[in-house]
J.: 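Here it is, the structure in full.
Heavy-atom basis, side chains included; hydrogens, waters and symmetry copies ignored. Remember, predicted model here, so these are calculated numbers, not experimental data. Positions are given from 1, in the same order as the sequence printed here.
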Amino acid sequence: MTFLCIGVALFLQIAVNFANDYSDGIRGVDDGRSVPESHTADGSRTASSLPAQPAATAQPAAPAQPVTKVTKPQRLVASGVPPKQVLAAAGIAAALACICGLAASIISGQYWLIALGALCLLAGWFYTGGHQPYGYAGLGEVSVFVFFGLVATLGTEFVICQSFDGFGIPNVTRFDFAQPFADSWNGWVWFWQGQFGIDLTGLVAAVCCGLNAVLLLMVNNLRDITEDKQHGKRTLAVRLGERGARIALIVCLALDVLLVAILVTVLWFAWGMILLLSSLAVPVRIVRSIARHDFRWALADAGYWNLFFLILFVICMGASGIGQ
């Protein structure tokens with residue numbers, strides 16, 4: 001069951017990436033990715049990476065600074081791959097995700113998950129596909145938080161915990177699905193106890209996963225804010241403006257770090273917090289890289305932070321189960 005859930009998440013992510021590449025490519029949104037974005041040593045972008053400005057009165061020339069040119073990664077359609085091939089790849093990945101999802105639904109006996117999977121496919125396509133993609137209206141971050149955070153994490157927890165013995169770790173499976181309210185005097189108690197396969201720990205972890213996914217998207221949209229504005233793609237970064245988008249990213253990152261700190265402290269007090277403190281330089285680097293327009297390093301650090309949270313959560317969950 002665990003591997004089926006991994007298959008759904010992996011193939012659905014691949015399908016969405018191919019679908020977005022196809023939709024953005026045929027619209028010409030990615031045409032500016034081959035143009036190097038230059039930034040000086042102090043982090044300010046040069047004229048080659050900024051939109052043209054009206055002529056103004058001549059000003060004294062500023063001292064020259066070292067310039068670094070970074071070419072944005074090209075996507076498939078923009079680099080010359082036939083759009084139909086990219087769309088076919090998206091379809092194959094989506095089909096594999098459907099196979100894994102159907103198997104998980106049948107094995108668990110939760111057939112309503114098929115409808116949830118169909119909703120995920122529709123959300124992935126209409127993110128940048130269709131006549132009015134919601135990703136072009138600034139709703140991409142909301143969708144990523146919901147589907148890559150809450151739906152993916154809580155859905156996986158629900159499916160696994162009602163059909164898996166937790167490798168024998170004590171107190172992992174404490175769910176009574178036949179009579180979910182038998183030992184509970186109100187809804188808060190059954191939620192806390194983890195009945196229905198979802199508990200408070202899973203919910204906080206799902207929010208953290210969602211914020212991590214939002215963080216990656218926000219860095220990406222900040223990098224592409226100029227091109228997106230030129231092509232009418234009104235992402236959240238375009239709507240807020242560069243300064244507003246940076247502030248939103250910092251707030252998102254701070255909330256994520258806070259929730260991770262609470263989560264690991266509850267699961268594995270002292271040692272969980274020590275492990276978290278050992279990697280707090282990563283969020284700081286993300287903020288500094290964004291301020292310097294060094295989006296390549298910002299994306300790398302955002303990906304590292306996502307991976308670090310995964311490993312840290314697994315370690316703390318394991319330590320919490322063994323200690324009980």
Side-chain angles (χ1 to χ4, degrees), residues 1-2 5-6 8-10 13 141-162 164-175 184 187-219 248-287 301-324:
M1 183 65 73
T2 301
C5 291
I6 292 174
V8 172
L10 177 62
Q13 176 70 72
E141 283 77 4
V142 176
S143 175
V144 164
F145 178 80
V146 171
F147 289 99
F148 290 146
L150 302 182
V151 173
T153 307
L154 296 179
T156 300
E157 183 184 20
F158 174 82
V159 171
I160 291 177
C161 288
Q162 68 162 331
F164 180 55
D165 64 0
F167 290 118
I169 299 176
N171 298 321
V172 169
T173 52
R174 46 178 180 163
F175 315 111
S184 304
W188 288 106
V189 175
W190 71 255
F191 179 78
W192 179 265
Q193 291 179 348
Q195 295 176 14
F196 290 131
I198 296 175
D199 58 6
L200 188 59
T201 300
L203 179 60
V204 177
V207 172
C208 292
C209 289
L211 290 174
N212 287 336
V214 169
L215 178 64
L216 283 164
L217 182 60
M218 293 181 79
V219 173
L249 185 147
I250 293 172
V251 171
C252 173
L253 183 57
L255 179 60
D256 187 25
V257 173
L258 176 62
L259 289 177
V260 172
I262 295 173
L263 189 61
V264 299
T265 300
V266 172
L267 289 175
W268 196 22
F269 181 69
W271 286 109
M273 181 57 70
I274 290 173
L275 291 174
L276 175 61
L277 290 174
S278 69
S279 193
L280 282 184
V282 178
V284 176
R285 284 204 309 264
I286 293 174
V287 175
D301 282 331
Y304 173 82
W305 177 253
N306 204 335
L307 179 62
F308 173 77
F309 167 72
L310 168 65
I311 296 174
L312 179 62
F313 181 70
V314 170
I315 292 175
C316 290
M317 280 294 293
S320 175
I322 293 173
Q324 291 180 351

J.: Check whether any side-chain N or O of Ser320 sits under 3.5 Å from a backbone N or O of Cys316 as a donor-acceptor pair, and report yes or no.
T.: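 Looks like no, no N/O pair under 3.5 Å.
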J.: Looking only at non-hydrogen atoms, find the nearest pair between Leu216 and Gly303 and report the distance.
T.: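 Heavy-atom minimum between the residues: CD2-N, 3.7 Å.
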J.: Minimum heavy-atom separation for Glu141 and Leu217, please, with both atom names.
T.: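 For Glu141 and Leu217, the tightest heavy-atom pair comes out as N-CD2, 3.7 Å.
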J.: Leu280 and Val257: side-chain contact (heavy atoms from CB on, under 4.5 Å), yes or no, with the steps?
T.: CA-CA 8 Å; Leu280 282 184; Val257 173; 3.8 Å; yes
J.: Rounded to the nearest 0.5 Å, what's the gap from CD on Glu157 to CG on Leu154? Could you check?
T.: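 Going from the CD atom of Glu157 to the CG atom of Leu154 covers 6.0 Å.
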J.: Give, for atom CZ of Phe269 and atom CE of Met273, the distance between the pair rounded to the nearest 0.5 Å.
T.: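 Interatomic distance, Phe269 CZ to Met273 CE, rounded to 0.5 Å: 8.0 Å.
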J.: Taking Cys252's backbone N and O only, do any of them form a donor-acceptor pair with Asp256's side chain (distance below 3.5 Å, no angle check)?
T.: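 No, Asp256 side chain to Cys252 backbone: no donor-acceptor pair under 3.5 Å.
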J.: Are any of the side-chain heavy atoms of Phe309 and Asn212 separated by less than 4.5 Å?
T.: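 When only atoms from C-beta onward are counted, Asn212 and Phe309 do touch, with a gap below 4.5 Å.
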J.: With side chains defined as the heavy atoms from C-beta onward, is the minimum distance between Arg285 and Val282 less than 4.5 Å?
T.: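 Answer yes - side chains close enough.
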J.: Could you tell me the separation between the CG atom of Leu267 and the CD1 atom of Ile315, rounded to the nearest 0.5 Å?
T.: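 Atom-to-atom, Leu267:CG and Ile315:CD1 are 12.0 Å apart.
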J.: Provide the closest heavy-atom pair for Pro283 versus Leu253 in the form atom of the first, atom of the second, distance.
T.: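 For Pro283 and Leu253, the tightest heavy-atom pair comes out as O-CD2, 3.5 Å.
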J.: Considering non-hydrogen atoms only, spot the tightest contact between Cys209 and Phe148 and give its length.
T.: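 Shortest heavy-atom separation between Cys209 and Phe148 comes out as CB-O, 4.3 Å.
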J.: Rounded to the nearest 0.5 Å, how far apart are CH2 of Trp268 and CG of Leu276?
T.: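 Trp268 CH2 to Leu276 CG: 13.0 Å, rounded to 0.5 Å.
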J.: To check you understand the geometry: which heavy-atom pair defines the closest contact between Ala205 and Thr153, and what is its length?
T.: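 Looking at all heavy atoms of both residues, the shortest contact is C-CG2, 4.4 Å.
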J.: I need the Asn306 CG to Cys208 SG distance, nearest 0.5 Å.
T.: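 Output value for this atom pair is 10.5 Å.
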J.: If you look at every heavy atom in Phe145 and Leu211, which pair is closest and at what distance?
T.: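 The answer is CD1-N, 3.9 Å.
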J.: Measuring only between side-chain heavy atoms, which start at C-beta, is Val204 closer than 4.5 Å to Ile262?
T.: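 Heavy-atom side-chain distance check fails, nothing below 4.5 Å.
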J.: Could you give the distance from CG (Leu258) to CG (Leu263), rounded to the nearest 0.5 Å?
T.: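 So the gap between those two atoms works out to 11.0 Å.
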